[in-house]
Student: 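Structure provided below as structure tokens; questions to follow.
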Amino acid sequence: MTEMPNILWLEAISKDDIPLVGGKGASLGEMASVGLPVPKAFVVTAQAFRKFLVQTGLEDSLFDLLTDVDVENSEELEDVSRNVKNLVLDAKMPDDIKEEIIQAYGTMGPDNMVVAVRSSATAEDLPDASFAGQQETYLNIRGDAAVVEAVQMCWASLYGARAIYYRAKQGFDDRTVNIAVVVQQLIRSEKSGVMFSSHPVTGEPLTIIEGSWGLGEAVVSGSVSPDKYVYDRRLKKVFDRMISKKEYMIVPIGDHGTELVEIPNDRQEEPILSDAEVEALAAFAEISEEHYNVPQDIEWAIVGSTIYILQSRPITTIGMSTKAKGTGGQSTGAVLLEGNGASPGVASGPVIIVHDIKDLGKVKEGDILVTKMTNPDMVPAMRKVAGIVTDEGGMTCHAAIVSRELGTPAVVGTKKATKTLKDGDIITLDGEKGIVYEGAASVAAAPAAVMAAAVPGAAIAAAPIITATSIKVNVSLAEAAARAAATGADGVGLLRIEHMILGMNKTPGWYISQNKEEEFITELYNGIKVVLDAFPGKPVWVRTLDAPTDEFRNMLGGESEPIEHNPMLGWRGIRRDLQSPDQFRMQIEVFKRLWDRGYDNLGLMFPLVGHPDEFLKAKALIAGWGVDVDAVELGIMVEIPSSAILIEDFCKAGISFASFGTNDLIQYTLAIDRNNELVSSMYRPKHPAVLKLIRDAIAVCRQYGVECSICGQAGSDPKMVEWLIENGITSVSANIDAIPKIRETAARTEKRMILDAVRLKNA
């Protein structure tokens with residue numbers, strides 16, 4: 001990717017491109033790169049959206065409306081949402097963006113291909129925020145004008161009431177959240193649905209597949225109770241199936257939109273999938289999970305004998321403890337309803353039946369919400385209630401996904417809850433067993449029991465795993481700090497500040513030229529401080545700015561960015577900071593203020609350092625700006641072969657620590673662009689040359705007493721971590737979702753090494 005365009009095709013996108021294409025777009029690009037059968041698509045980038053706001057003059061007026069909104073006041077929230085969305089919809093899309101969308105759409109195929117236009121916000125489908133249904137998707141779209149209109153409607157949906165509410169509750173700043181739009185070939189699926197590569201609560205290697213006839217929206221929205229198949233990946237067989245009566249399906253209608261139609265009687269109870277199809281889907285799920293190193297929530301479709309993978313996002317609810325709701329405990333009352341246990345935990349309380357959004361005003365704290373199926377507009381009410389019961393839906397419907405993320409017990413797919421129950425009835429639901437009882441629970445549940453329910457078979461008071469190797473965590477967003485800290489990580493091995501800076505939507509050069517340096521410093525200070533506060537007394541290594549020029553180009557101030565043929569090999573990292581002292585000085589001022597406030601656990605890490613002279617020049621500049629460089633920790637990223645080869649010279653130059661950035665080290669060592677599909681299959685993290693560079697550098701760091709770590713993707717790979725520990729690495733920094741398995745891997749490896757040493761000595 002040589003520059004940052006308004007349009008990106010899937011083939012040019014990877015999982016590292018979330019700030020550009022959003023969670024959904026990044027996931028589609030990554031899936032395509034590993035060979036999963038993804039329909040052709042392009043993405044209208046988040047930078048195109050930001051350019052739209054700037055060029056139409058909407059940026060300031062729009063965000064002014066969103067300032068200080070009381071999101072708990074439904075009327076105020078709806079009014080603000082309506083006004084902001086109208087601003088976006090009424091503005092004229094810039095001609096250059098419009099023409100590029102039309103040109104890309106024309107390239108997709110002949111005769112106005114039918115497409116799905118899907119929102120892909122930069123704060124959804126993330127490893128630590130996989131919240132469902134915040135922005136809009138438009139299906140069965142055909143023709144230039146319709147596609148352009150749908151893109152603008154997706155942009156407007158970023159400011160829907162439920163999206164504003166969610167961001168406020170999750171701590172996302174509206175100004176920093178952008179939206180990309182995926183335009184993808186619409187698969188007119190004969191059958192479709194959703195699958196979890198592993199069990200969404202326990203994490204067991206059980207692939208759960210739900211499906212129905214027609215488009216997958218019927219399953220996702222809960223319009224139908226789907227068939228359910230459970231495939232045991234260990235035994236390689238289907239060991240459970242539940243065939244539902246599927247009364248409706250969603251199908252495309254004409255040249256625009258969809259409709260809900262009744263399924264013929266003779267097909268309503270016909271199985272959706274054969275065992276062979278279940279096995280084939282499970283194989284794709286396993287490929288996706290192994291690639292991402294985390295269980296996935298995947299949308300699929302089948303036409304004839306062809307399987308398509310439409311979306312893959314991380315499951316964020318495995319192992320989560322469920323909140324104790326209501327009185328909790330066990331019930332001796334009669335069984336009223338049975339369904340699917342969608343979110344574990346036990347809750348008791350009065351029934352409140354919600355037929356439509358007008359009923360949400362009567363929902364109170366502690367109620368049990370009963371409805372045919374939840375939708376994203378119900379999320380504010382879902383946050384209040386003790387439990388949720390629905391008529392329709394399965395493990396992958398909206399109610400199930402949101403309930404698990406909220407930690408609210410839920411039973412879905414009961415068929416008749418809204419008819420059997422009445423407002424005010426006192427009931428108890430068991431979100432693990434999928435049963436609804438009459439009356440309140442007779443015995444209160446201890447919090448430990450509720451936690452054990454989230455992970456059946458788990459020890460209630462398991463001892464913490466202690467490792468000699470420090471297990472740290474990678475952090476990119478201040479909003480993720482609390483969840484990162486909750487993993488019990490031994491510190492932060494990589495805090496990337498470029499994501500915070502990209503979120504400001506103005507280049508550092510813009511702040512300098514506009515004499516607004518203090519604004520930049522304050523915003524970056526606040527973001528880093530959130531992470532430091534989440535890890536008191538633990539090391540937090542903050543990497544100075546490392547954003548290629550193409551990522552800056554479409555930000556305000558980006559018009560002065562140079563055009564480079566290969567930005568990954570260009571003006572980035574410490575080499576840019578040394579040539580742009582004002583930009584470097586602003587960053588150092590942030591760190592200096594934090595050190596002055598007593599945050600002595602903050603370590604500074606310089607990226608893309610190729611020679612010790614660069615480290616020494618940076619150190620001298622910092623000293624000149626009033627920092628006592630002998631009193632703070634200064635380290636380097638080892639991501640260029642030269643820095644690995646010269647690691648002894650770096651140690652002699654006085655580095656406090658070194659951390660391998662394996663993503664860059666691999667591609668620079670092998671001369672392989674990891675985003676180039678023509679050579680991506682040759683990108684080998686365990687290439688002998690890469691391993692030799694790492695092994696030799698670790699040995700030198702140990703000789704000089706310099707802490708040696710790793711913070712690239714390899715730090716989240718258990719097999720790689722095992723090899724690193726065997727070769728003497730001091731610490732490992734992994735992604736948030738990978739911390740438990742990496743800590744377990746480290747402990748097991750250390751114990752085996754000790755045992756092997758004892759055995760050898762005794763032998």
Side-chain angles (χ1 to χ4, degrees), residues 1-13 17 19-22 24-25 40-63 65 83-122 135-138 141-159 175 177-185 255-256 502 505-507 510 549-563:
M1 192 166 60
T2 58
E3 61 178 285
M4 184 49 54
N6 294 323
I7 302 294
L8 282 175
W9 291 90
L10 285 193
E11 292 76 13
I13 294 170
D17 293 322
L20 314 177
V21 297
K24 193 177 282 106
K40 66 177 67 175
F42 67 87
V43 179
V44 183
T45 64
Q47 277 61 37
F49 167 69
R50 184 58 58 167
K51 186 186 295 184
F52 161 78
L53 291 183
V54 172
Q55 292 186 5
T56 56
L58 288 180
E59 192 174 35
D60 291 336
S61 57
L62 186 152
F63 292 124
L65 286 174
N83 292 336
V84 174
K85 287 169 67 177
N86 286 339
L87 283 178
V88 175
L89 291 172
D90 293 342
K92 183 179 182 295
M93 185 183 295
D95 289 339
D96 59 332
I97 299 176
K98 179 179 178 180
E99 290 306 316
E100 286 190 55
I101 293 172
I102 292 173
Q103 183 179 1
Y105 173 60
T107 305
M108 290 188 73
D111 302 325
N112 287 336
M113 176 180 284
V114 178
V115 295
V117 181
R118 305 176 185 274
S119 300
S120 180
T122 57
Q135 283 78 41
E136 297 297 338
T137 287
Y138 299 95
I141 303 300
R142 183 172 184 172
D144 294 351
V147 170
V148 170
E149 180 185 29
V151 168
Q152 196 156 347
M153 290 167 69
C154 285
W155 288 348
S157 74
L158 184 63
Y159 305 109
R175 291 179 179 271
V177 177
N178 292 321
I179 187 169
V181 180
V182 178
V183 180
Q184 185 172 38
Q185 177 187 3
D255 286 338
H256 194 96
L502 290 171
N505 298 304
K506 301 177 182 69
T507 67
W510 181 90
T549 52
D550 55 312
E551 294 186 5
F552 279 152
R553 191 160 303 120
N554 284 321
M555 296 168 64
L556 197 61
E559 61 278 355
S560 60
E561 290 293 307
I563 296 177

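Every value quoted in this text rests on a predicted model; they were computed, and no experiment measured them.
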Student: Kindly compute the distance separating CD (E149) from CD1 (I141), expressed to the nearest 0.5 Å.
Tutor: 8.0 Å
Student: So, for K51 and I97, which heavy atoms are closest and what is the spacing to 0.1 Å?
Tutor: CD-CD1, 4.1 Å
Student: I'd like to know whether V44 forms a side-chain contact (heavy atoms from CB on, under 4.5 Å) with I7, so could you lay out the CA-CA distance, the side-chain angles of the two residues, the decisive distance to 0.1 Å, and finally the verdict.
Tutor: CA-CA 5 Å; V44 183; I7 302 294; 3.9 Å; yes
Student: Determine whether a donor-acceptor pair (N or O, by modelled atom type, separation under 3.5 Å) exists between the side chain of T549 and the backbone of E561.
Tutor: no
Student: F49 vs Y159 aromatic rings, parallel, tilted or perpendicular, using cut-offs 30° and 60°?
Tutor: tilted
Student: Could you grab the distance from atom CG of L20 to atom CD1 of I13, nearest 0.5 Å is fine?
Tutor: 8.5 Å
Student: Atom CG in D17, atom CG in L8: separation rounded to 0.5 Å?
Tutor: 7.0 Å
Student: When you look at V115 and Y105, which way does the side-chain contact (heavy atoms from CB on, under 4.5 Å) test go after all the steps?
Tutor: CA-CA 9 Å; V115 295; Y105 173 60; 3.9 Å; yes
Student: With a 3.5 Å distance limit and no angle check, can you tell me whether S119 reaches the backbone of E136 through a side-chain donor-acceptor pair?
Tutor: yes
Student: Please report the closest heavy-atom contact between C154 and V181, naming both atoms and the distance.
Tutor: CB-CG2, 3.7 Å
Student: Salt-bridged, R50 to E59, with N to O below 4.0 Å?
Tutor: yes
Student: Taking all non-hydrogen atoms of both residues into account, name the closest pair between V43 and A180 and its distance.
Tutor: CG1-CB, 3.8 Å
Student: In sequence, state the C-alpha distance, the side-chain angles, and the governing distance for Q184 and V117, and then conclude on side-chain contact (heavy atoms from CB on, under 4.5 Å).
Tutor: CA-CA 6 Å; Q184 185 172 38; V117 181; over 6 Å; no
Student: Say you draw a straight line from CE of M108 to CZ of F42; how long is it, rounded to the nearest 0.5 Å?
Tutor: 6.0 Å
Student: Please name the pair of heavy atoms, one in V88 and one in F52, separated by the smallest distance, quoted to 0.1 Å.
Tutor: O-CZ, 3.6 Å
Student: In Å, rounded to the nearest 0.5 Å, how long is the span from OG1 of T107 to CE of M113?
Tutor: 10.5 Å
Student: Donor-acceptor pair, R142 side chain versus N112 backbone, under 3.5 Å?
Tutor: yes
Student: Please walk me through it: do L556 and T507 pass side-chain contact (heavy atoms from CB on, under 4.5 Å)?
Tutor: CA-CA 6 Å; L556 197 61; T507 67; over 6 Å; no
Student: Between L10 and G25, which heavy-atom pair has the shortest distance, and what is it?
Tutor: CD2-O, 4.4 Å
Student: How far does CD of E559 sit from CH2 of W510, to the nearest 0.5 angstrom?
Tutor: 11.0 Å
Student: Taking only residues two or more places apart in sequence or in another chain, which ones pass salt bridge (Lys or Arg N to Asp or Glu O under 4.0 Å) with D95?
Tutor: K92
Student: Might you point out which heavy atoms bring L89 and Q152 nearest each other, and give the distance in Å?
Tutor: O-NE2, 3.5 Å
